[in-house]
Enquirer: 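First the structure, then my questions, so here it is.
Remember, it's a predicted structure, so these values are computed and weren't measured experimentally. Lettering of chains follows the sequences in order, A, B, ..., and the numbering in each one begins at 1.
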There are 2 protein chains.
Amino acid sequence: METAGTTGTAPQAVRAVSRPGLRERKKRRTRYALLRSALELFTTQGYENTTVDEIAEAVDVSQRTFFRYFGGKEDVALAVQEMVEAHFVDSLRARPPGEPPLEALRRAVLEGWDTISDAVGTVVPVELYLRMFRVIESTPVLLAAQLRRSAETEEQIARLLAEREGLDVDADPRPRLAVAVFGAVMRVTSRQWSAVEDAGLEAMRELTAAYLDQVGPALTGNWRTTLRR
Amino acid sequence: METAGTTGTAPQAVRAVSRPGLRERKKRRTRYALLRSALELFTTQGYENTTVDEIAEAVDVSQRTFFRYFGGKEDVALAVQEMVEAHFVDSLRARPPGEPPLEALRRAVLEGWDTISDAVGTVVPVELYLRMFRVIESTPVLLAAQLRRSAETEEQIARLLAEREGLDVDADPRPRLAVAVFGAVMRVTSRQWSAVEDAGLEAMRELTAAYLDQVGPALTGNWRTTLRR
DNA sequence: GAGGCTAATGACAGCCACTGACAATTGACA
DNA sequence: TGTCAATTGTCAGTGGCTGTCATTAGCCTC
């Protein structure tokens, strides 16, 4: 394959189909090395007990270089989570336009969990991601940052759904409300999942489905009359 | 009044009914002075452009003293917000036990807004609180911290409601789900309110009621069929 | 009302996250 | 191969935050 240039002809065009050039490759390698080292340190020693210098040293670059790759310590910690959310948004975009919004959200999320390793596995082992998930959930600063980022993603999704349905987000509150409610359920799910020792991806999937089913009952008023098993 | 000691007899007992003693009074004064100066500076120059030294200097205490009164810069910024949330929890506790949970939440919040000045007014002018509200909403770090704190309050409320209804929070997901959904609506409301220039307390109250009414419609599937005015 | 006790404060010193500026190095491309 | 631009390391500095210790100032007892 790659029947492109025979040497010396349009090297940047060749790059586009073959490889990104040494410089780019090196950069990606450093970035991933920093990311992996950071997560490894965070998950073993804890986030607060890990300094940026330590991370940089583990990859053998200067502290300054670390800050050229990531906006800050929080950013490395949440980098994978960010990829995961982007993955969800992608799988939502892929949903058929006819599908009702909440249905689309539900399916997109469940499908997202099923294909999570496609989005994450190439960068860090999925198992490391899951461990980091718990660290985030149990580290106040990180949880805070994470909640804020989720809020941004929600806004993005609200706009997406509004467009799908031909509504104006600023005039009609329903898209934002629905997405916020959905996000709230997702957060309760994450929290619950992370509280269970050794819970894996399947557990996450099941919890998600179960909790989404419970929202209806939870909102229909009287909790004492219905199931109390 | 105060038929207590005629001098020299059990001064601490007298204190309990009259005043907290010079030391305590002085402390409260410093704390409030720091709080007010901080909010004043935050709302005029912005949170990021204000240093802790500046705040301390405005009250004429050392930076170290500032950190003895508040856990950090974020804490001053969110101190009033914290009082407000406690105020909501209180007004929820005051709800009649027979009331269905979501009904109680709704009424507690609306009532909370009506009596907000009781909870805040004695410490800072309500107007300053409202200005600070917007600063929080538009400052990423503060918004993050605020979201995390809200999550904690939600957990607290979920336990409260569960107890009221005789449920076990860890066995039955419905309390947490309902509270999370409710909280999500509140957040959308706050966000929307803060986006409107010069919106006052009444606007907040109205928005709250309106959005709570919209949740039902927002969740019942098809947005295209229903109102599109 | 003098003196002892303890809480509150100030003054350093130091850690860590983060940033700007400048010089040295190293791919990229002609 | 030499020029150009991107990447990196070094250094210096800011701001949030903490531990430590000496000093000050309410409080309480005799």
Enquirer: Using heavy atoms and a sub-4.0 Å distance, could you list which residues of residues 132-141 of chain B are near DNA chain C? By number, please.
Expert: none
Enquirer: Output one line per pair: protein atom, nucleotide atom from nucleotides 23-25 of chain C, and distance, for all N/O pairs under 3.5 Å.
Expert:
none

Enquirer: When rounded to the nearest 0.5 angstrom, what is the spacing between CD in B:Glu127 and OG1 in B:Thr43?
Expert: 8.0 Å
Enquirer: Could you pull out all residues at least two apart from A:Phe88 that satisfy ring-ring contact (aromatic ring centres under 6.0 Å, His included)?
Expert: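 A:Phe88: ring-ring contact (aromatic ring centres under 6.0 Å, His included) contacts with A:Trp113.
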Enquirer: Between D:dT10 atom P and A:Asp60 atom CG, what is the distance in whole Å?
Expert: 10 Å
Enquirer: C:dT9 C1' sits how many Å from B:Lys26 NZ, rounded?
Expert: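 That distance rounds to 10 Å.
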Enquirer: Which angle, rounded to 10°, do you find between the first-five-pair axis and the last-five-pair axis of the helix from C:dG1-D:dC30 to C:dA30-D:dT1?
Expert: 10°
Enquirer: Determine, stepwise, if the pair B:Glu137 / B:Arg187 fulfils salt bridge (Lys or Arg N to Asp or Glu O under 4.0 Å).
Expert: CA-CA 10 Å; B:Glu137 208 71 36; B:Arg187 233 168 305 118; over 6 Å; no
Enquirer: What pairs with A:Phe67 under ring-ring contact (aromatic ring centres under 6.0 Å, His included), at least two apart in sequence or on another chain?
Expert: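 Once residues adjacent in sequence are excluded, A:Phe67 has no partner under the ring-ring contact (aromatic ring centres under 6.0 Å, His included) criterion.
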Enquirer: Taking the basic N atoms (NZ, or NE/NH1/NH2) and the acidic carboxylate oxygens, is any pair closer than 4.0 Å for A:Arg176 and A:Glu155?
Expert: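 Looking at A:Arg176 and A:Glu155, the cut-off is met.
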Enquirer: Output the residues of residues 30-56 of chain A in contact with DNA chain C, where contact means a heavy atom of the residue under 4.0 Å from an atom of the strand; sort by number or write none.
Expert: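 Those residues whose heavy atoms fall under 4.0 Å from DNA chain C, taken from residues 30-56 of chain A in numerical order, are A:Thr50, A:Thr51, A:Val52.
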Enquirer: We want to know whether B:Glu111 and B:Ser91 form a side-chain donor-acceptor pair, criterion being a heavy-atom distance below 3.5 angstrom.
Expert: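 Not at all, the side chains of B:Glu111 and B:Ser91 share no donor-acceptor pair under 3.5 Å.
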Enquirer: Any chance you could measure A:Leu41, atom CG, to A:Thr51, atom OG1, to the nearest 0.5 Å?
Expert: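 If I round to the nearest 0.5 Å, the distance is 8.5 Å.
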Enquirer: Is A:Asp168 salt-bridged to A:Arg159, cutoff N-O under 4.0 Å?
Expert: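 Between A:Arg159 and A:Asp168 there is no salt bridge, as every charged N stays at least 4.0 Å from the carboxylate O atoms.
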Enquirer: Mind checking what makes ring-ring contact (aromatic ring centres under 6.0 Å, His included) contact with A:Tyr211, not counting sequence neighbours?
Expert: none
Enquirer: Is the shortest side-chain N/O distance from A:Lys27 to OP1 or OP2 of D:dT7 below 4.0 Å?
Expert: yes
Enquirer: Check ring-ring contact (aromatic ring centres under 6.0 Å, His included) between B:Tyr47 and all other residues, then give those that pass, not counting sequence neighbours.
Expert: B:Phe42
Enquirer: Can you list the residues that meet the side chain to side chain donor-acceptor pair (under 3.5 Å) rule with B:Arg28, with sequence neighbours excluded?
Expert: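 B:Arg28 satisfies side chain to side chain donor-acceptor pair (under 3.5 Å) with no other residue.
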Enquirer: With the threshold set at 4.0 Å, does a side-chain nitrogen-carboxylate oxygen contact exist between A:Glu48 and A:Lys73?
Expert: no
Enquirer: So which of residues 61-77 of chain B are in contact with DNA chain C, with a heavy-atom cut-off of under 4.0 Å?
Expert: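 Result for residues 61-77 of chain B: B:Val61, B:Ser62, B:Arg64, B:Thr65, B:Arg68, B:Tyr69, sorted by number.
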Enquirer: Taking salt bridge (charged side-chain N to carboxylate O under 4.0 Å, His left out) as the definition, give me every residue that meets it alongside A:Glu24, ordered by chain and number, with sequence neighbours left out.
Expert: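 Listed in chain order: A:Lys27.
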Enquirer: Would one find more than 12 heavy atoms of other residues, nucleotides or ligands at under 6.0 Å from atom CD of B:Glu57?
Expert: no
Enquirer: What side-chain donor-acceptor pairs closer than 3.5 Å can you find for residues 140-151 of chain A, not counting sequence neighbours?
Expert:
| residue | atom | partner | partner atom | Å |
| --- | --- | --- | --- | --- |
| A:Arg148 | NE | A:Glu152 | OE2 | 3.4 |
| A:Arg148 | NH2 | A:Glu152 | OE2 | 3.1 |
| A:Ser150 | OG | A:Glu85 | OE2 | 3.4 |
| A:Ser150 | OG | A:Gln146 | O | 2.9 |

Enquirer: Please examine the side chains of A:Val215 and A:Phe182, heavy atoms only from C-beta on, and report whether any two atoms are closer than 4.5 Å.
Expert: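 Heavy-atom side-chain distance check fails, nothing below 4.5 Å.
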Enquirer: Please report the distance, rounded to the nearest Å, between CD in B:Glu57 and P in C:dG10.
Expert: 12 Å
Enquirer: In this structure, how many angstroms lie between the P atom of D:dG16 and the CG atom of B:Leu142, rounded?
Expert: 12 Å
Enquirer: Please report, rounded to the nearest Å, how far the C1' atom of C:dG27 is from the CZ atom of A:Arg23.
Expert: 4 Å
